[in-house]
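Down below is the structure, laid out as structure tokens.
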Amino acid sequence: MKNNIKVWRAKNDMTQEELSKKVGVTRQTINAIERGKYDPSLELAFSLASFFDCRIEDIFAYEQQKE
Amino acid sequence: MVIDTKAQEIVSIIFGIFLVTTGIYISVYEPAWVSNVYGAMLGLIGAGLALILIALWEYKIRKSGEVKEDERDYRIAEKASFRTFQIMFILQGFLFATLGILNIQLPAQPVVAALFAITGFSYMGFFYWYRTKM
């Protein structure tokens, strides 16, 4: 799963810490999502989309796993 | 499923107090049905105090509103549990087979204590390992 949370954060001039507080997770989770190490739950994906006032597809894009 | 955190904390504290009280009772009255007074006292008081302290720690975090754990921890816990299960299953199977083949009789208490400790350390180790990987 690819994501552009970093871009959305930059657009909103926010730090990982600030975003994590807004969506109720730890800063480490936001960091792990940005680095592509962790795919968020549907609930968190919706929270992020709702916070940035956009669609989930604007933040996340499905990427086929390499065999 | 929504778990009522407040109710969970209250139940933990009540159960913790019960365990500590039982431990104190055993150490003071030394009832005949307890074969190892010192071990039972330490185990019960230790478990009771741990439960009370964990509940108070969770209460403090809840009141401060600070996020200390989140969904990533559940994914990590899932992986750590599965790895621990695999290790324990293999280890116990191997132990069971070896003891059976060689017809070795071990005292139950130290064996259970060792398996208990291995389970705990394995889980903690895998949890922190997966956390650093994620």
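Throughout, protein chains are lettered first and strands after them, A, B, ... in sequence-line order, and every chain is numbered starting at 1.
Within the 4.5 Å cutoff, the side chain of A:V25 has no heavy atoms near those of the B:R72 side chain.
Chosen from A:S41, A:P40, A:S20, the residue pairing most often with chain B at heavy-atom distances under 4.5 Å is A:S41.
When heavy atoms are compared at a cutoff of 4.5 Å, A:R27 does not approach chain B at all. Contact of A:Q28 with chain B is made through backbone and side chain together, with heavy-atom distances under 4.5 Å.
Hydrophobic clustering (ILVMFWY, side-chain heavy atoms < 4.5 Å, transitive): B:I87 and B:V111 are in distinct clusters. By the criterion of side-chain heavy atoms lying less than 4.5 angstrom apart, applied directly or through intervening Ile, Leu, Val, Met, Phe, Trp or Tyr residues, B:I14 is not grouped with B:I24; the two fall into different hydrophobic clusters. Linking Ile, Leu, Val, Met, Phe, Trp and Tyr whenever their side-chain heavy atoms come within less than 4.5 Å puts B:F127 and B:Y130 in one cluster. No continuous path of hydrophobic side-chain contacts links B:F96 to B:L102 [ILVMFWY only; heavy atoms under 4.5 Å].
By the salt bridge (charged side-chain N to carboxylate O under 4.0 Å, His left out) test, B:R75 pairs with B:E78, sequence neighbours left out.
Shortest non-hydrogen contact noted between A:K37 and B:K133 is CD-O, 3.6 Å.
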